Amino acid sequence: MLALPTGSVAAQVPPPLTTGRIVRHRPALDQLVAPGAQLEVISSGHTHAEGPLWVPDSSMLLFSDTPSRTIYRWRPADGKRSKFLEYSGYTGRMPYGKEPGSNGLALDGRGNLLLCEQGDRRLASLPLGQQSGKRTVADNFQGKRFNSPNDVIVAPDGAFYFSDPPFGLPKSGPASLRELPYTGVFRRAPDGGLTAEITDVPFANGLALSPNGRTFYVSNADSLRPLILAYKVGKNGKLTKPRLFFDMTALPRPRFKEVPDGLKVDRAGNVYAAGFGGLLILSPQGQLLGTIDPGEPVSNCAWGDDGHSLYIMASSLVLRLKMLAR
């Protein structure tokens, strides 16, 4: 038998596959993304990856593939991907729309996974610590069904905010399928009360809160009005005094399907916004610091691992970028 020498090619772990580029617009980006940092491909072959969520207790990344109605898990310990939940997002008769599956995911602080279920037109919850089925958290406002809940975040007081654009409806939501006269952002209070907080943003999509919880960000997924708006969070979680935070209109648009989409923030208050050219990194004052461009449209991102990894959803790809920011 031929013995392989120590350090031979057969004994070595192949380097990770990398892709894309990082465009540096301002020197301040070097404090967030180290020069030479690369986008690592950790999963591929998806139809439309969305809604990433890091689950610290299980050290795993969850994300949705909206057309296939599947939530996947990926663990950095072994680098393997597996199915976490099938038939997510829609339990009715097929065919439905192009993206009937779950989209945004979040943790509610009580061991439950929150799911924006586009096809079932509801916000649902699933206990992670036990074998149990899903429960409906909210599926209507004043008796009228939601359009297709898209993104959800949990506020420090335990309230849930979720956006409700028409994208998950068949044919992207003709008037005949809508029950609400608007799309927007809703708040579910800890006591279960539901309020419509934003009703004048036609394609409200990605949501985020500043580190101090006082500023609420929402993206408008409209190619004609590609905006990110900032609202003041008032008493009882009320959203007031909207202002323009960033306008993508003047940016190059290398890929036709790109629109403002998912949002995240870091501990310093910088905003990470999916949009024209990839994932935009914006200062707390709304200055464009840099763009993470994987070569495909970006839908969303999430912090994970020890807080220094940014997981990015880019159509068929799931990527990881080691960051200086946290």
Side-chain angles (χ1 to χ4, degrees), residues 26 28 32 103-104 106-109 114 116 123 137-138 141-142 146-147 149-165 180-222 224-251 259-275 279-289 300-303 325-326:
R26 293 178 181 270
L32 308 177
N103 197 313
L107 296 173
D108 71 355
L114 297 175
C116 289
L123 180 67
V137 176
F141 181 66
Q142 297 178 346
F146 296 125
N147 298 297
N150 182 281
D151 197 11
V152 57
I153 57 174
V154 180
D157 64 358
F160 312 149
Y161 293 89
F162 60 96
S163 58
D164 184 42
L180 289 168
Y182 51 80
T183 64
V185 175
F186 295 87
R187 178 181 183 268
R188 184 184 184 275
D191 64 4
L194 196 65
T195 54
E197 295 295 327
I198 301 174
T199 60
D200 57 355
V201 178
F203 299 106
N205 195 327
L207 309 176
L209 275 168
S210 63
N212 62 12
R214 298 175 184 172
T215 303
F216 183 94
Y217 300 100
V218 58
S219 65
N220 183 40
D222 186 350
L224 299 180
R225 296 185 67 243
L227 310 176
I228 300 173
L229 302 173
Y231 291 74
K232 181 180 179 181
V233 182
K235 293 182 178 180
N236 299 321
K238 186 71 177 176
L239 304 182
T240 62
K241 300 180 180 179
R243 61 181 173 86
L244 177 63
F245 177 71
F246 190 77
D247 186 348
M248 298 187 192
T249 303
L251 296 180
V259 293
D261 206 329
L263 300 172
K264 292 295 185 294
V265 296
D266 64 22
R267 288 188 175 184
N270 299 296
V271 177
Y272 298 71
L279 185 69
L280 312 181
I281 302 179
L282 309 167
S283 74
Q285 294 75 37
Q287 288 185 330
L288 178 60
L289 305 179
N300 210 333
C301 65
W303 296 99
R326 187 169 184 175

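In this text the structure is predicted, and so the values were computed from the model without any measurement.
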Just by distance, do the side chain of [X] and the backbone of [Y] share a donor-acceptor pair under 3.5 Å?
X	Y	value
N236	K238	no
K232	K241	no
D247	T249	yes
D164	N147	yes

Enumerate the residue pairs fulfilling ring pair (Phe, Tyr, Trp, His ring centres under 6.0 Å) with a member in residues 224-244, sequence neighbours excluded, ordered by first and then second residue.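 Found none.
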
Please report, to 0.1 Å, the donor-acceptor pairs under 3.5 Å made by any side chain of residues 202-216, with sequence neighbours excluded.
| residue | atom | partner | partner atom | Å |
| --- | --- | --- | --- | --- |
| N205 | ND2 | D261 | OD1 | 3.4 |
| S210 | OG | N212 | OD1 | 2.7 |
| S210 | OG | R214 | N | 3.3 |
| S210 | OG | T215 | N | 3.1 |
| N212 | OD1 | R214 | N | 2.9 |

Which atoms form the tightest heavy-atom contact between G158 and P190, and what is the distance?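 G158 and P190 have their closest heavy atoms at C-CG, 4.1 Å.
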
Taking the side chain as C-beta and beyond, is there a heavy-atom pair between [X] and [Y] under 4.5 Å?
X	Y	result
W303	Y272	yes
C116	L123	yes
K264	N300	yes
L288	L251	yes

Worked verdict on F245 versus L282 for side-chain contact (heavy atoms from CB on, under 4.5 Å): CA-CA 10 Å; F245 177 71; L282 309 167; 3.7 Å; yes

Under the side-chain contact (heavy atoms from CB on, under 4.5 Å) test against P165, which residue among D222, D151, N150, N103 passes?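 By the side-chain contact (heavy atoms from CB on, under 4.5 Å) criterion, P165 pairs with just one of D222, D151, N150, N103: N150.
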
Basic-acidic side-chain contact under 4.0 Å: D157, R187: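 A salt bridge is present here (some side-chain N lies under 4.0 Å from a carboxylate O).
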
Taking atom types as modelled and ignoring hydrogens, do the side chains of D200 and Y182 form a donor-acceptor contact shorter than 3.5 angstrom?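 There is no such pair (donor and acceptor under 3.5 Å, judged by atom type) between the side chains of D200 and Y182.
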
